[in-house]
K.L.:
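Quick one: structure below, then a few questions.
Below, each value reflects all heavy atoms present in this structure, side chains not excepted, and no hydrogens, waters or symmetry copies. Whatever order the structure lists them in is the order used to number ligands and atoms, beginning at 1.
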Amino acid sequence: MPAELIDGTAIAARIRGEVSAEVATLKASGVVPRLTVVLIGDDPASAVYVAGKGRACVEVGMDENTIRLPASTSQHELMELLDCLNADPAVHGILVQSPFPKQIDPGAVIRRIDPSKDVDGFHPVNVGKLLAGDRDGFVPCTPAGIQELLRASNVATHGLHCVVVGRSNIVGKPMAALMVQDGPTANCTVTICHRYTRNLASFTRSADILITAVGRPGLITAEMVKPGAAVLDVGITRIPDATRKSGTRLVGDVDFEAVREVAGLITPVPGGVGPMTIAMLLRNTVRAAQRLAAA
Ligand code: NAP
């Protein structure tokens, strides 16, 4: 029997509905949650991502403003802007869209954002809180969204082997840190794989939960998946497809059609993990506003 599909679009819509209700409550008490996005330069893909985030904010009733800076912006100018945003009580969430021009030090940017407004969850304070199991911090949106997909799909994660393929700071490492915590939808035995992992299949085949965040179409084949496993595919790659009007389509890291015959649960690409990332960004921003309002 083919695996059950995890419908990220529907689960994300539910979360957006919950966020909308929380925004309405905040507004009734005079607080309008606001996300400020800083976009440096004119990378077309970044502009598309930022526009999507803006639309999502408006849909749930939040304020959103995008500050567009030229590609020539200096580190000093960006730092001054971040200081102003940190000090502005009307701004609850700050996000600086990557990639950055080469004169900008990404680590310094992340460290300059006030951790209480770091809705991406990348500041070392929030990274540390995640590792320490302190639920006060902000969790990066994509891993938080994947944990939410597992929760919504009633996966009893405790004691399961979770294998995360990919060790980026934005997905792989925080994902592993989340699943190893002592708490709900966690308590897994976690393995992290990367480019230097020897015999990747020997690890993936023992995964009850397989999360792949690499960006290599077809990396995970049916032979690499344990029968009945939950497979969550973070990868997004655009490949040529002559059958589509656009001439391209998006695919994940998983050989979807073949793996679907082996797995118990599986996320499609698109429509799986992707929609959760923005939903969790909205949730983090409303949390930031709630905390600032309560402070
Ligand atoms: P990244 O920073 O490029 O990291 C990719 C990771 O994959 C690295 O840790 C790399 O290992 C590992 N890797 C590469 N080849 C491998 C192999 N053959 N076997 C095992 N591991 C291998 O990427 P990322 O930012 O985490 O993103 C990963 C993918 O997810 C991309 O396709 C991206 O577009 C997508 N993504 C989707 C969402 C969403 O909302 N759905 C959000 C973020 C990212 P090394 O560290 O050894 O190089």
K.L.:
Within ligand 1, which atoms have a heavy atom of Val165 less than 4.0 Å away?
P.N.:
20 (C), 21 (N)
K.L.:
Quick check with a 6.0 Å cut-off and a 45 degree axis cone: is Arg112 positioned over the face of Phe122's six-membered ring?
P.N.:
no
K.L.:
At a 4.0 Å threshold, what atoms of ligand 1 neighbour a non-hydrogen atom of Gly215?
P.N.:
29 (C), 31 (C), 32 (O)
K.L.:
Any atoms of ligand 1 less than 4.0 Å from a non-hydrogen atom of Gly274? List them with their elements.
P.N.:
40 (O), 41 (N)
K.L.:
To which protein heavy atom is atom 12 (C) of ligand 1 closest, and what is the distance rounded to 0.1 Å?
P.N.:
Gly166 CA, 4.0 Å
K.L.:
Assigning hydrophobic clusters by single linkage (Ile, Leu, Val, Met, Phe, Trp, Tyr; side-chain heavy-atom cutoff under 4.5 Å), is Val254 placed with Ile6?
P.N.:
no
K.L.:
Verify, without hydrogens or angle tests, whether Lys53 (side chain) and Leu95 (backbone) share a donor-acceptor contact under 3.5 angstrom.
P.N.:
no
K.L.:
Of the listed options (Leu250, Val171, Val234), which comes nearest to atom 35 (C) of ligand 1 when hydrogens are ignored and any heavy atom counts?
P.N.:
Val234
K.L.:
At a non-hydrogen distance cut-off of under 4.0 Å, which region of Arg216 contacts ligand 1 (side chain, backbone, both, or neither)?
P.N.:
side chain
K.L.:
Go through the structure and list residues passing salt bridge (charged side-chain N to carboxylate O under 4.0 Å, His left out) with Arg34, not counting sequence neighbours.
P.N.:
Asp63
K.L.:
Can you tell me the protein heavy atom closest to atom 2 (O) of ligand 1 and the distance?
P.N.:
Ser168 CB, 3.3 Å
K.L.:
Is the backbone N or O of Ala177 less than 3.5 Å from a side-chain atom of Gln181, with the two atoms forming a donor-acceptor pair by type?
P.N.:
yes
K.L.:
Pick one of side chain, backbone, both or neither for how Val214 approaches ligand 1, counting any non-hydrogen atom pair under 4.0 Å.
P.N.:
both
K.L.:
Quick check: does Ile236 get an N/O under 3.5 Å from an N/O on ligand 1?
P.N.:
yes
K.L.:
Would you mind checking which non-hydrogen protein atom is closest to atom 21 (N) of ligand 1, with the distance to 0.1 Å?
P.N.:
His194 C, 3.3 Å
K.L.:
Does Thr277 reach ligand 1 with a nitrogen or oxygen that is under 3.5 Å from one of the ligand's nitrogen or oxygen atoms?
P.N.:
yes
K.L.:
For residues 208-221, pull every pair meeting side-chain hydrogen bond (donor to acceptor under 3.5 Å, both in side chains), keeping only residues two or more places apart or in separate chains.
P.N.:
Asp208-Lys226, Thr212-Asp253, Thr221-Glu223
K.L.:
Can you tell me which residue and heavy atom of the protein come closest to atom 25 (O) of ligand 1, and the distance to 0.1 Å?
P.N.:
Ile170 CD1, 3.5 Å
K.L.:
Can you confirm whether some protein heavy atom lies under 4.0 Å from atom 41 (N) of ligand 1, or whether none does?
P.N.:
yes
K.L.:
Around atom 8 (C) of ligand 1, find the nearest protein heavy atom and jot down its residue, atom name and distance.
P.N.:
Arg167 N, 4.0 Å
K.L.:
Verify side-chain contact (heavy atoms from CB on, under 4.5 Å) between Asn284 and Cys141, making sure each step is shown before the conclusion.
P.N.:
CA-CA 8 Å; Asn284 277 351; Cys141 302; 3.9 Å; yes
K.L.:
Provide, to 0.1 Å, the distance between atom 45 (P) of ligand 1 and the closest protein heavy atom, together with that atom's residue and name.
P.N.:
Arg195 NH1, 3.3 Å
K.L.:
Touching ligand 1 at all, Ala213? Heavy atoms, strictly under 4.0 Å?
P.N.:
yes
K.L.:
Does ligand 1 have any atom that is closer than 4.0 Å to a heavy atom of Thr197?
P.N.:
no
